[in-house]
A.B. asks: 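After the structure tokens below, expect a handful of questions from me.
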Amino acid sequence: MDDELEVAWQKSVVTNGPPSLIERYLREVSRFRGWLSARHIGLLTVNRDTIEQYVLEREPREAATVASIKSLFRFLLANSEIAVDPAEHIRWRKPVLQRKALDETSVHGFLDQLSPWHCADDFGPKQYFPRVRAWAMAELAYSSGMSTEELVKIGLKDTDLPRLSVTVDNRLVPITPRARTAISYWLLIRNALLDVPARFLFHGRGLPHAAMTQRPSADFRFFEIAGRRYTMVELRHAYIVHAADRGLSLANICRLTGLGVAQVESILKEYLIDAPGS
């Protein structure tokens, strides 16, 4: 590709994008040509395998890398410099990063720190009561694999603590003794201050503190303990991963969590874990 042709390509790019994008395209193509030059490969002799090798080695892998190269070869094809576009079927794929699920020790350690028995001495009522509710919600989330949206829909009539079960969206979900302890303590604290009976398990309407009268779906999507942020989604995924590790069948995981097979398999693949029975 001679200088005159490269100038023509640059002009074609300039007319089709904002300055920031143009700068990235030119920078990416310059890198690509330097990579080819170091391997003594001519631009007009590049094939698909060469481009895929470059994209694979490029760190960090970015969509602009592929887009700029495709733009260059489309231009060369349109100007009859090449007969076939080697970049036509090249696609940028976001690299799959292995996620690490919380192990059971980490989850239990976090839940213990969230419990009211780990509150600071100067923890006042306004912080204490929301903390107890957050603890009960987190224990139930990890115990059952429920989402935050499901947790806030649980009514008092849907809980059967003596039998260690909760009903949500017409499915019966078993819970652990830890979750029962947390829920019982939360109800004890709430009922002591509640003016009127509450309909939902985690709604605190009627309590004297403003923080307790709000729906918890937005307030408790995450918890921060000792500088580490834990999310409800993370607890739910930990439940699914640990259930799969213990050998629970894919069908039972789906039944307990209310998720479809494809959703559970997708979650397990994020942590590079094969779905049971796959």
A.B. asks: Between Glu139 and Ile183, is a side-chain contact (heavy atoms from CB on, under 4.5 Å) present by the stated rule, with each step listed?
C.D. replies: CA-CA 8 Å; Glu139 285 280 6; Ile183 294 171; over 6 Å; no

A.B. asks: Mind checking the NE2-CD1 spacing from His242 to Ile253? Nearest 0.5 Å is all I need.
C.D. replies: 11.5 Å

A.B. asks: Locate the shortest heavy-atom distance separating Arg33 from Leu43; write the atom from each residue and the value.
C.D. replies: NE-CD2, 4.5 Å

A.B. asks: Taking Asn252's backbone N and O only, do any of them form a donor-acceptor pair with Ser249's side chain (distance below 3.5 Å, no angle check)?
C.D. replies: yes

A.B. asks: Should Ile175 and Ser165 count as side-chain neighbours, where that means a heavy-atom distance under 4.5 Å?
C.D. replies: no

A.B. asks: Kindly give the heavy-atom pair with the smallest separation between Thr257 and Arg236, and that separation in Å.
C.D. replies: O-NH2, 3.0 Å

A.B. asks: Is a side-chain donor-acceptor pair under 3.5 Å present for Tyr142 with His108?
C.D. replies: no

A.B. asks: Using 4.0 Å as the upper bound for N to carboxylate O, is an ion pair formed by Arg39 and Glu57?
C.D. replies: yes

A.B. asks: Just wondering, are more than 12 heavy atoms of other shown residues or ligands nearer than 6.0 Å to CD in Gln53?
C.D. replies: yes

A.B. asks: Decide yes or no for Ile154 and Phe200: does some side-chain heavy atom of the first lie under 4.5 Å from some side-chain heavy atom of the second?
C.D. replies: no

A.B. asks: Determine, stepwise, if the pair Lys153 / Met146 fulfils side-chain contact (heavy atoms from CB on, under 4.5 Å).
C.D. replies: CA-CA 11 Å; Lys153 290 192 295 185; Met146 292 185 200; over 6 Å; no

A.B. asks: Return the minimal non-hydrogen interatomic distance between Arg133 and Phe202, and the atom names on each side.
C.D. replies: NH1-O, 2.8 Å

A.B. asks: Report yes if the side chains of Cys254 and Val264 come closer than 4.5 Å at any heavy-atom pair, otherwise no.
C.D. replies: yes

A.B. asks: Counting only heavy atoms from other residues, nucleotides and ligands, does the tally under 6.0 Å from CZ of Arg163 exceed 12?
C.D. replies: no

A.B. asks: Any non-hydrogen side-chain atom of Met232 less than 4.5 Å from a side-chain atom of Leu151?
C.D. replies: yes

A.B. asks: Kindly give the heavy-atom pair with the smallest separation between Val29 and Ser68, and that separation in Å.
C.D. replies: CG2-O, 3.8 Å

A.B. asks: Is the shortest distance from a Lys or Arg side-chain nitrogen in Arg31 or Glu28 to a carboxylate oxygen in the other one below 4.0 Å?
C.D. replies: yes

A.B. asks: Could you tell me whether a side-chain N or O of Ser71 sits under 3.5 Å from a main-chain N or O of Ala67, the two making a donor and an acceptor?
C.D. replies: no

A.B. asks: Would you say that Arg171 contacts Glu150 through its side chain, given a criterion of any heavy-atom pair below 4.5 Å between the two side chains?
C.D. replies: yes

A.B. asks: Test side-chain contact (heavy atoms from CB on, under 4.5 Å) on Val132 and Tyr185 and set out the steps.
C.D. replies: CA-CA 8 Å; Val132 174; Tyr185 191 78; 3.7 Å; yes

A.B. asks: What is the distance from atom OH of Tyr239 to atom CD1 of Ile267, rounded to the nearest 0.5 Å?
C.D. replies: 12.0 Å

A.B. asks: To the nearest 0.5 Å, what is the distance between CG (Asp160) and CZ (Arg180)?
C.D. replies: 10.0 Å

A.B. asks: What heavy-atom pair brings Val173 and Leu256 nearest, and what distance separates the two atoms?
C.D. replies: CG2-O, 3.7 Å

A.B. asks: Side-chain contact test, heavy atoms from C-beta onward, threshold under 4.5 Å: evaluate it for Glu104 versus Arg246 and give yes or no.
C.D. replies: yes

A.B. asks: Between Tyr54 and Phe32, is there a side-chain heavy-atom distance shorter than 4.5 Å?
C.D. replies: yes

A.B. asks: Quick check on the hydrophobic clustering: are Val166 and Leu172 connected, directly or via other members, by side-chain heavy-atom contacts under 4.5 Å?
C.D. replies: no

A.B. asks: Do Val46 and Leu44 sit in one hydrophobic cluster, given that two such residues count as connected whenever their side-chain heavy atoms are within less than 4.5 Å of each other, even indirectly?
C.D. replies: yes

A.B. asks: Is there a side-chain contact (heavy atoms from CB on, under 4.5 Å) between Thr50 and Thr45 once you walk through the steps?
C.D. replies: CA-CA 10 Å; Thr50 305; Thr45 63; over 6 Å; no

A.B. asks: I'd like to check Glu81 versus Asn79 (side-chain heavy atoms, cut-off strictly below 4.5 Å). Are they in contact?
C.D. replies: yes

A.B. asks: CG of Leu77 to CG of Leu72: how many Å apart, nearest 0.5 Å?
C.D. replies: 11.5 Å

A.B. asks: So, Ser143 side chain and Ala179 main chain: donor-acceptor pair closer than 3.5 Å or not?
C.D. replies: no

A.B. asks: Between Arg74 and Asp85, does any side-chain N to carboxylate O distance fall below 4.0 Å?
C.D. replies: no

A.B. asks: Could you measure the distance from the CG atom of Leu156 to the CG atom of Leu201? Nearest 0.5 Å is fine.
C.D. replies: 6.0 Å

A.B. asks: Is a side-chain donor-acceptor pair under 3.5 Å present for Ser115 with Asp112?
C.D. replies: no

A.B. asks: Specify the closest pair of heavy atoms between Arg48 and Ile90, including all atoms of both residues, with the distance to one decimal.
C.D. replies: CG-CD1, 3.6 Å

A.B. asks: Distance from Asp49 atom CG to Leu56 atom CG, nearest 0.5 Å?
C.D. replies: 11.5 Å

